[in-house]
Amino acid sequence: MTPTPRLRARGKVRDIYDAGEDRLLLVATDRISAFDVVLPDPIPDKGRVLTGLSSFWFERTADLVPHQVVSTNPAEFPPPFAGVPALAGRAMLVRKAKVVPMECVARGYLAGSGWAQYGTTGAVCDVPLPDGLVESDALPEPIFTPTSKAEAGHDLPLTPEEAVDLVGKGLFERLKELTLGIYERLADTTASRGIILADTKFEFGFAEGELMLIDEVGTPDSSRFWPADGYAPGGAQPSFDKQFVRDHLDRSGWEREPPAPALPPEVVEGTRGRYVEAYERITGEPFQGYLDGAGVTPGNDDPVLEHLREERG
């Protein structure tokens, strides 16, 4: 008898299913959120960009830290997920992990919430920075600025002391070392492809006592990527992420409370184009090649995978 899939958790983008005693299936949907609200219109292939880039980076950081991925091949997934066409290119079979309750953020440039903090305090997460920096400036060296993991709403910045209280001194130091080391690996790679990695966040967890890199790595959802050829400190930079959607929503007059307005087709397509460009520039490979290699076939896509869902048990 084929087991009934059980939806374990649903995030803004990912659906997580039980896939055996010590396994989970992470499915990156095409949902997109802005200002902590899931928008009504999906971005075609967004979930596949996230999965493809995460797989790319997991492989290239495995010498720094183990990761949780077991397989991205649907033929190797357990029932009832084995061979489901809609999972091609967007799902990962992973080891279950006890998640460290902290987002691990590395910043090499002064942007986003870091720029806002600096303008108020001259520091980011209590890490002091030189006077006179402008928005998007390169920092003297990358810094570790962890945040809380909020069940809803915004993650909140943590001072080093608060982070130590949360996870302990030894684990804090190890996470800092890993976060900055992985950031350097990613930033060196993207720089060679003409892209600045301004900041990024990682998640870690434990399985059988082993610390692992989990969730997603180096995607436009978890990272701030800027084209190097247009970099100009002193203001916000164009980016390969959902800033295109945020800018449209700000212009629309939406007050950032649900429900969110529908996205015009040109905004949907423009956002997809930015995600795909990020994949192609970072990996050096055509996105269509990823789709073909993953076995994605036209007409067999179901971004929200309703036929797999049931209420959480």
Side-chain angles (χ1 to χ4, degrees), residues 11-14 26-39 41-61 72 89-92 103-109 111-114 136 147 155 182-183 185-203 213-231 236-250 263 267-288 290-291 294 303:
K12 295 184 181 74
V13 174
R14 282 173 179 77
L26 306 186
V27 181
T29 73
D30 291 338
R31 295 192 297 267
I32 187 168
S33 67
F35 310 115
D36 294 314
V37 178
V38 177
L39 306 184
D41 302 286
I43 305 300
D45 287 321
K46 175 177 177 282
R48 293 191 169 105
V49 169
L50 303 184
T51 301
L53 275 173
S54 291
S55 298
F56 176 85
W57 291 122
F58 278 129
E59 292 176 3
R60 285 156 180 78
T61 58
T72 58
R90 68 167 74 248
M92 298 188 295
E103 299 273 4
C104 294
V105 181
R107 299 177 184 272
Y109 292 76
S113 62
S136 304
T147 71
D155 298 332
I182 299 168
Y183 170 80
R185 174 72 56 83
L186 270 60
D188 286 348
T189 301
T190 62
S192 71
R193 312 288 168 82
I195 293 177
I196 293 170
L197 176 57
D199 53 53
T200 191
K201 67 178 180 179
F202 308 116
E203 292 195 51
L213 187 60
I214 66 171
D215 194 55
E216 66 178 318
V217 181
T219 73
D221 275 12
S222 66
S223 312
R224 203 182 307 266
F225 294 118
W226 298 334
D229 57 5
Y231 173 60
Q237 307 297 302
S239 58
F240 299 107
D241 60 16
K242 55 188 175 184
Q243 190 60 45
F244 186 69
V245 169
R246 295 190 191 101
D247 291 345
H248 163 76
L249 292 170
D250 279 339
L263 297 176
V267 173
V268 171
E269 186 56 34
T271 304
R272 180 188 184 275
R274 283 159 173 77
Y275 274 79
V276 169
E277 184 178 358
Y279 176 90
E280 294 184 335
R281 291 187 62 170
I282 290 169
T283 66
E285 299 292 338
F287 183 62
Q288 187 59 50
Y290 171 73
L291 298 180

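When a residue number appears, it is its place in the shown sequence, counting from 1.
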Apply side chain to side chain donor-acceptor pair (under 3.5 Å) to residues R107 and S113 and explain how you reach the verdict. CA-CA 11 Å; R107 299 177 184 272; S113 62; 3.1 Å; yes

Does the distance from a Lys or Arg side-chain N to an Asp or Glu carboxylate O, for [X] and [Y], drop under 4.0 Å?
X: D30; Y: R90; result: yes
X: D221; Y: K12; result: no
X: D241; Y: R274; result: no

Atom of [X], atom of [Y] and distance for their closest heavy-atom approach:
X: V217; Y: F58; value: CG2-CE2, 3.5 Å
X: R14; Y: A28; value: CG-CA, 4.0 Å
X: L50; Y: P220; value: CD2-CD, 4.2 Å
X: Y290; Y: G89; value: OH-O, 2.7 Å
X: Y279; Y: T283; value: O-OG1, 2.8 Å
X: P238; Y: P227; value: O-CD, 3.2 Å

With sequence neighbours left out, the residues meeting salt bridge (charged side-chain N to carboxylate O under 4.0 Å, His left out) with R281 are E277

If you round to the nearest 0.5 Å, how far is [atom2] of [Y] from [atom1] of [X]?
X: L263; Y: I32; atom1: CG; atom2: CD1; answer: 7.5 Å
X: I282; Y: R193; atom1: CD1; atom2: CZ; answer: 9.0 Å
X: L26; Y: S54; atom1: CG; atom2: OG; answer: 9.5 Å
X: L249; Y: L39; atom1: CG; atom2: CG; answer: 6.0 Å

Please check if any side-chain donor atom of T219 sits under 3.5 Å from a side-chain acceptor atom of S222, or the reverse. yes

Under the ring pair (Phe, Tyr, Trp, His ring centres under 6.0 Å) test, which residues partner Y275, sequence neighbours left out? none

Show, in sequence, the C-alpha distance, side-chain angles and deciding distance for M92 and V27, and conclude whether the side-chain contact (heavy atoms from CB on, under 4.5 Å) test is met. CA-CA 7 Å; M92 298 188 295; V27 181; over 6 Å; no

For the pair Y231 and Y109, evaluate ring pair (Phe, Tyr, Trp, His ring centres under 6.0 Å) and give the outcome as yes or no after the intermediate values. CA-CA 11 Å; Y231 173 60; Y109 292 76; 5.7 Å; yes

